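Scroll down for the structure; my scribbles are underneath it.
Throughout, residue positions are numbered sequentially from 1 according to the sequence presented. Treat the numbers as computed from the prediction; the structure is a model and nothing was measured.
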Amino acid sequence: MKKLFLLVLLSLSSLASAQAVTEGLIIHLDAGKLSGLIDGDEVATWSDQAQADSVNGTLNSVSGWTMPKYYRNGFNSRPVVRFGASTCLNTLPFTMPDVSKGLTVFMVATGDTTSETGERILQIGQVAGTAGSVLGVDLSTTVSGADAGSGGRFNNGKSLVAANNPMTSGFNIIAMQIAQGGNYGSLGYYVNDLNKETFNNSVNPNNIFNLLANDNELSVGTCRGTNGAYMTSDMYSGDVAEILVYNSQLTQVQMQQVMDELYVKYYKTTAWSPMPENNSPEYQGDVAGSGVDVTLSWNAGLDPYNTSVVNNDITGYYLYICQGDPNYGNVTPMKIEAGSPPVASASVTLSLDFDQVYSWRVDQSINGTLPSDPNTIVGPDWKFTTLPSIPVVVANPANAEAFSGDGPVSFNVEFSSISAISYQWYSSLDKSNATSGDDELIAGAESTTLTVVPNESASRYYYCLATNSGGSNASAPAYLTIKRMVLHLDMETADLSDVSGNGNNPVDETGLTTAQGLLVSKPTLAADTPLLAGGYSALFAVDVDGNYNRLTIPLDRDVDNDPATAEPAIFYSGYTLTMWAKTSIVDQAINTSLFNNNGPGSLDFQIELGNGNYRYFDNNVTVALGQIVPDEWVYLAVTCDAAGNVICYQNMAGDNIGQANSLHNEFGQFQIGTNRNGDKPYAGLIDDVKVWNYPLTFEQLSDEYNIASGKFGCYTRPEMDLNNDCIVNVADLAMLAGDWLECQRCPVNTCSE
């Protein structure tokens, strides 16, 4: 670390405590409101502070059980009630006002490291512990398995949050919420923020909770079993500072207000509001010689008993800073005076290194305490990253698309830098900017803008390398999509080759076996009565004898033999798939497929059979294209745009159009005749398979269909076209006149009246 230059700036600012939410507050327990107690005193009664409500939420000791104890300085100078073995408190049974409004519960608590799985901190609901009618929060220090982390349980403990929040480090602000309604099918559970924790639904997939009106109880320190007895196995060990129960489903704004109030109360006795913000994605500092100057600032801790003002006992700060993760063992803190009286914020400017992650912490001296004094308030750890010495990407180039022969396409980048930059553009076959084997320097491309003339050979990636006095940095690659047909298997040749000119020919799978141990075979050409106007008489058939006939065309471009940079065929603009199909077997297994794209991860889709329909299927949606008519040719088409809007057609008829939103436009292969898992081979005929790397319009698809089938129609039928011939003439007038002459009265004999 470079020499530190200190500049302390102190300023006054006004601080206000967070806005309180009182509407619907039926129970409020605050350890800070307990009076007449000293450290170690037993808590026999914890009074309910909620005002103007009908619920008596005062906690009382339980006969035969140990009482918890009071500690004035349990956390950040805040009082707590400390629970241990065989300790608990509970309310008298009460009636819940208007259960249809739902319930929101907040708690500020921590646990000790001796805790085990399933210790119940708090439970609210039926006194008897009726299954489905109690809601609890558990503490767990288990670090793996279904019970890992802090548990949010309901249905008498039958569902668990699978979050790793063991709640044994500092205090935690915990919230539970049941939605409005009579039978509650969802529970929100939050720890220290409003990002909902994930439930382990395998424990109780239904997640149903029924909040009953009568005979409710709040228990702290343990829970009630289904027989109404307290559970000795669920005893909680730890500290509770505050509990709030609202008889309503608070809004997100209201929940944030309560969270803010509790956060100020329990956490902002430490130094707070760091600048740079903790883990900020922005780089910090200003160039200063061979390093950077960074200004650190923070707000002074608040008075624990009046959170609208600064703690008047703060006399100074101890600033710790180091490179990398927090490790202050060998760091001598910088002492900074807080002023007298202490003002609201402080700052210091330090000269630091480029390209580094720094950890820092601000401890607060209370009435002159030294760094090692236990009364010195230790602050949280914060991090920031200093300005890089090499260029920083501000804006990457965006993917572009064009037809071959269109006007020039431009790619643009923006970098920031501590010194002058030079630029050089490259093209690449894969999506990496660090695999030199396939990268080509573009002569003369030495500015922030690259202009490319779209043609077949320009279908590549493009990136810019920026260089300054500190080194080089490359932008992310952007792809130029040349919109075109990328595959056409017309099935008219013995080798079933691609006639689109892209060379996407099927591979020889001779000798391969499926996962089921069955031999893969190449589909054979089968002559069929030419039902199509285009003369498609030579058609291949996928055998029905279990030999797994299929055509496979792999598309991964692994230029450098590195799977991390392998790039499937590019369909950034979406895609269009069309084919003709015919089968004599309507009742084939669900997911039997005619085509699949075997996309990476969960991005695959297939055209399949199911429930007597041709249909589109992926991990998110199923769209029926139309019914299977045995021994009749059908035209199947699917389009998907860059936003994931999927449209499916069968024979281009208006009543056979299905739509969905599901962006699955990355292709690992074209595979014809089987499903993506390779275990559901199709039995039937397929012809004239075409794939485009952009979505065709309805009119374009209709042209494809009409030319092949000879069934010419209109894109949009004119109004009053009653005979569906796409024109309005005397024939339609005759049909309309016939309707005029028809009597629609019921019964018919009244038409003569």
Side-chain angles (χ1 to χ4, degrees), residues 15-33 49-50 57 74-80 101-111 121-122 124 135-139 149-152 161 163-180 186-199 218 220 238-274 277-279 298-299 301-308 379-380 382:
L15 295 170
S17 60
Q19 180 179 355
V21 178
T22 57
E23 183 179 358
L25 181 63
I26 60 173
I27 298 175
H28 185 193
L29 303 165
D30 184 352
K33 300 297 183 180
Q49 301 295 318
F75 177 69
N76 275 358
S77 302
R78 303 296 305 183
V80 298
K101 290 184 177 180
L103 193 71
T104 307
V105 180
F106 293 87
M107 176 173 58
V108 182
T110 192
I121 306 177
L122 171 152
I124 188 168
L135 177 67
V137 171
D138 296 343
L139 171 72
S150 59
V161 164
N164 291 316
N165 297 307
M167 299 197 299
T168 57
S169 176
F171 269 65
N172 296 268
I173 302 172
I174 304 153
M176 300 181 292
Q177 187 172 67
I178 306 169
Q180 297 183 44
S186 64
L187 171 70
Y189 180 72
Y190 312 85
V191 179
N192 294 327
D193 55 37
L194 288 182
N195 295 320
K196 187 180 293 186
E197 306 290 345
T198 302
F199 281 89
L218 171 65
V220 182
D239 296 346
V240 178
E242 192 161 351
I243 298 169
L244 300 98
V245 179
Y246 291 84
N247 180 51
S248 64
Q249 179 188 359
L250 297 187
T251 66
Q252 289 282 295
V253 172
Q254 290 173 319
M255 290 186 71
Q256 189 64 62
Q257 287 175 336
V258 177
M259 285 277 196
D260 288 346
E261 181 183 22
L262 295 174
Y263 182 75
V264 167
K265 187 172 183 178
Y266 291 98
Y267 282 88
K268 291 185 179 176
T269 54
T270 64
W272 57 285
S273 190
E277 293 182 355
N278 188 32
N279 292 317
W298 59 92
N299 285 347
L302 306 181
D303 189 315
Y305 299 101
N306 182 1
T307 56
S308 64
W382 299 317

Exercise. With no hydrogens and no angle check, is any side-chain donor or acceptor of Gln177 less than 3.5 Å from a backbone partner on Leu250?
Worked result: yes
Exercise. Less than 4.5 Å apart, any side-chain heavy atom of Met176 and any of Leu122?
Worked result: yes
Exercise. What heavy-atom pair brings Val245 and Leu103 nearest, and what distance separates the two atoms?
Worked result: CG1-CD1, 3.9 Å
Problem set entry | Inter-residue atom distance Met107.CE - Leu262.CG, 0.5 Å rounding | 11.5 Å
Exercise. Side chain of Asp239, backbone of Ala109: donor and acceptor closer than 3.5 Å?
Worked result: no
For this session: Considering non-hydrogen atoms only, spot the tightest contact between Ala271 and Pro380 and give its length.
Result: O-CD, 3.9 Å
Exercise. Checking Gln249 side chain against Gln180 main chain: does a donor-acceptor pair fall under 3.5 Å?
Worked result: yes
For this session: Could you grab the distance from atom CH2 of Trp298 to atom OG1 of Thr270, nearest 0.5 Å is fine?
Result: 13.0 Å
Problem set entry | Thr104 side chain to Ser248 backbone, donor-acceptor under 3.5 Å | yes
Exercise. Do Gln254 and Tyr246 have side-chain atoms, one donor and one acceptor, less than 3.5 Å apart?
Worked result: no
For this session: Would you name the heavy atoms of Ala31 and Pro79 that are closest together and state the gap between them?
Result: CB-O, 3.4 Å
Problem set entry | Asp30 side-chain N/O to Gly32 backbone N/O, donor-acceptor pair under 3.5 Å | yes
Exercise. Just one of Met259, Glu261, Glu242 clears the side chain to side chain contact (heavy atoms under 4.5 Å, CB included) bar with Phe106, so which one?
Worked result: Met259
Exercise. Nearest 0.5 Å, what's the CG-CG distance between Leu25 and Asn247?
Worked result: 10.5 Å
Seminar exercise, completed: Output for pair (Ile124 CD1, Ile26 CD1), nearest 0.5 Å, gives 6.0 Å
For this session: State which residues pass ring pair (Phe, Tyr, Trp, His ring centres under 6.0 Å) with Tyr263; sequence neighbours excluded, sorted by chain then number.
Result: Tyr267
Exercise. To the nearest 0.5 Å, how far apart are CG in Leu218 and CD1 in Ile243?
Worked result: 5.5 Å
Exercise. What is the minimum heavy-atom distance between Asn299 and Ser273, and which atoms define it?
Worked result: ND2-CB, 3.5 Å
Seminar exercise, completed: Smallest heavy-atom separation, Gly57 atom then Leu29 atom, equals O-CD2, 3.6 Å
Exercise. Looking only at heavy atoms, what is the nearest atom pair of Asp193 and Tyr190, with distance?
Worked result: O-CB, 3.1 Å
